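Read the structure below first, then the notes.
Each chain gets a letter, A, B and so on, in the order the sequences are listed, and its residues count up from 1. Computed from a predicted model, the values in this text were never measured in an experiment.
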Number of protein chains: 2
Amino acid sequence: MGNKMVIADKNVELKIRAVGLKPTRQRIGLARLLFIGCARHVTADELFAEASESGVPVSLATVYNTLRQFVDVGLLREVLAGPERSYFDTDVSHHHHFFHVDENRLEDLPPGSISIDDLPNAPAGSKIERVDVVVRLTRK
Amino acid sequence: MGNKMVIADKNVELKIRAVGLKPTRQRIGLARLLFIGCARHVTADELFAEASESGVPVSLATVYNTLRQFVDVGLLREVLAGPERSYFDTDVSHHHHFFHVDENRLEDLPPGSISIDDLPNAPAGSKIERVDVVVRLTRK
DNA sequence: ATTTTAATTTAGAATGCTTCTAATCCATTG
DNA sequence: CAATGGATTAGAAGCATTCTAAATTAAAAT
Ligand SMILES: [Mn+2]
Ligand SMILES: [Mn+2]
Ligand SMILES: [Zn+2]
Ligand SMILES: [Zn+2]
């Protein structure tokens, strides 16, 4: 029964090595929470709470360090949904989001939603890094 | 020469009264900086600095209070461009933004840019409050 | 005009998220 | 099994923003 999990752990470890980071106990624990299973959107605090509950020995500082590092190497994407905290998305492919403002929760737009036409040229001296679309939702 | 300014002041005062707020020295001073002249995007800190330089007697707390109140009554719009600070837009009409990430500066998209097709339905129980598009720019 | 009233402003403290510091720990290499 | 350099950590610091409670002020009432 622990077999599949051990394999998943090995994959996670390889994933961390592949981007040039040491597979420490903390990084493996966090990466398991992030990358095994469906794609997800987390805040630093949520991930820290999950890690604590599931017995991954890690400090909040390391959660922040690890999230930044994972973003830097392209394992995670930071989603800008509001000024109060950062969200991290395990799906790094190009896609857009609903943001439930009453619950502080991100949700992917259904595929095929939103096609942007007439994208403007970048002002002189600048180049477009990316285009973020956030559909803000409130309770009906 | 002070004539036009006095008239503009009166308009600003009327604008403040019109939304049910008392036209105090601080609100009038801030509203003059915000609403006389072209549309603009400011942070609390920028507006506070401008007020101080131009002799408007106001505390940082009041700048924050006033920006929130102006948003609440529809004189300003808050633009969510990133997790580090809030931006306030004197143009409350529906439009989208460039965000110069190296300068922390907002700029309006040229009119006619971006038309969103296939906007998704809101998930059950939610309704769409608004759609924000931010085109993030870096130095070329 | 003076007094009364409630709204507004304010300095400074508090908050919440995030980053930094510098001491300790540990994965890796030889 | 050392040695070593990166990683982790507790706690402090940073920064934008909000809160508190006392002082001020605009507007209403006299
Ligand atoms: Mn903030
Ligand atoms: Mn923040
Ligand atoms: Zn997503
Ligand atoms: Zn704008």
_Using a strict heavy-atom distance below 4.0 Å, which residues from residues 61-82 of chain B are in contact with DNA chain C?_
Ala61(B), Thr62(B), Asn65(B)
*asked:* Once side chain to side chain donor-acceptor pair (under 3.5 Å) is applied, do any residues pair with Ser126(B), and if so which ones, sequence neighbours excluded?
replied: none
Write down the protein N/O and nucleotide N/O pairs, taken from nucleotides 26-30 of chain D, whose separation is under 3.5 Å; answer none if there are no such pairs.
residue : atom : partner  : partner atom : Å
dA26(D) : OP1  : Arg25(B) : NH1          : 3.4
dA27(D) : OP1  : Arg17(B) : NH1          : 3.4

*Tell me, which pairs form a ring pair (Phe, Tyr, Trp, His ring centres under 6.0 Å) where one or both residues lie in residues 99-139 of chain B, sequence neighbours left out?*
Tyr87(B)-Phe99(B)
Show me, pair by pair, the donor-acceptor contacts under 3.5 angstrom made by side chains of residues 133-140 of chain A, not counting sequence neighbours?
residue   : atom : partner  : partner atom : Å
Arg136(A) : NH1  : Ala81(A) : O            : 3.4

*asked:* Using whole Å, what does the distance between atom C1' of nucleotide dG6(D) and atom CZ of Arg27(A) come to?
replied: 8 Å
*Counting only side-chain N and O atoms of Ser86(A), is one of them less than 4.0 Å from OP1 or OP2 of dT18(C)?*
yes
*Between Glu84(A) (CD) and dT18(D) (C1'), how many Å, whole number?*
12 Å
*Side-chain touch Leu119(B)/Ile128(B), heavy atoms, less than 4.5 angstrom*: yes
_Minimal non-hydrogen separation, Lys127(A) against Ala122(A), with atom names_ = CA-CB, 4.0 Å
*Sequence-distant partners of His97(A), ring pair (Phe, Tyr, Trp, His ring centres under 6.0 Å), two or more places apart*: His41(A), His95(A)
_Arg85(B) CZ - dT18(D) P separation (whole Å)_ = 14 Å
*Check the distance between dA14(C)'s P and Leu60(B)'s CG and give it to me in whole angstrom.*
18 Å
*Calculate the interatomic distance between Phe48(A) atom CZ and dT18(C) atom C1'; express it in whole Å.*
14 Å
*Determine, stepwise, if the pair Phe70(B) / Glu78(B) fulfils side-chain contact (heavy atoms from CB on, under 4.5 Å).*
CA-CA 10 Å; Phe70(B) 283 5; Glu78(B) 188 173 4; over 6 Å; no
_Leu21(A) CG to dT8(D) P, straight-line distance once rounded to whole Å_ = 9 Å
_Please give me the minimum heavy-atom distance between Pro123(B) and Glu107(A), naming the atom from each residue._
CG-OE1, 3.8 Å
